[in-house]
Amino acid sequence: MAPAAMDSRHRDVALDGDLGDRIRDLVADAGSTLGREFPARDLSRAVSAKQVLRYLWEATVADLLRATDIRPGELARLTLLLNRIREIESAVDEARLSEGVELLRRVRRALARMHDATTVDELFTRAPEAACTLGFDRVLVSTVENSTWKLQTMCVVGDPKLAEDMVAAGRDNPPHLDGTLIESDIVAHRRAGLALDVQRNPRVERTLVKMSRCTSYGVAPLAVQGQVVGMVHGDCYRPHREVDASDRAVLNLFAEGLSHSLYRVRVLQGVADLQRGLQQLTGDTRLTARQALPAPAQPHPLLSSREVEVVELLAAGEPNRLIARKLSISEGTVKTHVTHILRKLGAANRAEAVAYWLRDASVVRAR
């Protein structure tokens with residue numbers, strides 16, 4: 001599942017004041033050069049600025065094509081105007097590209113906050129707060145099981161009580177994804193989406209949107225091995241800003257990274273559970289074996305008390321590494337004790353040493 005590319009050409013960004021002033025000066029000069037007025041537009045955002053620049057370019061080219069007898073000075077002014085338009089267009093594109101690169105860095109930093117999570121619960125606990133660094137002030141992480149939307153964790157910047165209340169409300173009455181909610185489409189098509197005009201939208205979960213009082217939100221799927229297993233919701237309530245296609249793209253990029261982390265953590269957690277199960281099983285078996293071993297009623301005539309502890313663990317099937325851990329000694333010290341045990345018992349290897357020790361222990365106990 002490859003992360004979606006962030007196309008800066010389709011992302012609206014705020015332009016700095018200097019670039020906005022340059023565009024306004026260009027519009028004024030174009031009006032003077034072409035002898036017409038251009039409608040006022042918002043020149044503080046990249047998308048609207050690009051529209052204005054495109055309009056200026058087309059108007060200037062049209063004047064050039066209409067002119068049948070153009071004076072050299074006028075031709076120079078029109079050519080200079082076209083060059084200025086292209087120059088400022090390049091500056092706007094660079095600003096959008098820089099913003100896109102910075103956004104990718106922010107998404108990577110947000111995902112890095114969860115890199116060392118070792119359980120699904122830990123991952124889901126960290127995810128909402130991490131996503132709130134991407135321009136959202138409320139983020140909800142949920143799972144999807146058997147067409148049921150199950151709220152898990154939520155971050156509400158400045159209002160943790162609302163986060164707790166919304167998650168509790170969702171858990172008390174989990175919404176069913178039967179096609180009536182927008183979230184049903186997200187799961188069915190595995191594609192991020194937007195919910196707009198939320199307070200009047202019939203395809204949203206009424207209890208949750210009433211509690212949140214939001215007017216719009218974005219939602220992206222969490223997919224593991226091609227199956228949607230959860231969702232990430234985000235909105236921008238505090239800035240009183242409607243979420244848009246750019247927010248949807250950001251949320252989707254974060255959700256895809258979170259999906260990768262979720263798959264990794266699930267694998268690690270499964271391996272850890274398997275290891276614990278095997279250790280418990282083998283530990284019980286070894287404990288039973290050790291309980292069945294005869295314990296000498298008095299110190300062994302040849303072995304020291306520490307060597308007796310080592311040979312007991314050898315008899316239980318423990319490797320040097322675990323013997324060292326259980327006796328709080330180094331693995332090198334264990335090897336030294338084993339060498340002494342073999343020499344004292346006259347054994348050629350560990351198996352012989354264990355056999356001799358069991359025989360001697362039985363004799364001691366019989367006495």
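Since we're looking at a predicted model, the values are computed, not measured. Below, each value reflects all heavy atoms present in this structure, side chains not excepted, and no hydrogens, waters or symmetry copies.
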Would you call [X] and [Y] a salt bridge, taking side-chain N to carboxylate O under 4.0 Å as the test?
X    : Y    : value
R24  : D21  : yes
R77  : E74  : no
D185 : R191 : no
E58  : R54  : no
E89  : R86  : yes

Original post:
Are the side chain of N252 and the backbone of A220 linked by a donor-acceptor contact shorter than 3.5 Å?
Top reply: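 No; judged by distance alone, with no hydrogens or angles, the pair does not exist.
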Would you call [X] and [Y] a side-chain contact if the rule is heavy atoms closer than 4.5 Å?
X    : Y    : value
R266 : L262 : yes
L313 : L327 : yes
Q152 : R171 : yes
D247 : F136 : yes

**OP:** Identify, with sequence neighbours excluded, every residue that meets ring pair (Phe, Tyr, Trp, His ring centres under 6.0 Å) alongside H233.
**Re:**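 Only W149, Y217 meet the ring pair (Phe, Tyr, Trp, His ring centres under 6.0 Å) criterion with H233.
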Original post:
Counting only heavy atoms not in R190, do more than 12 fall under 6.0 Å of its CZ?
Top reply: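 12 or below, so no.
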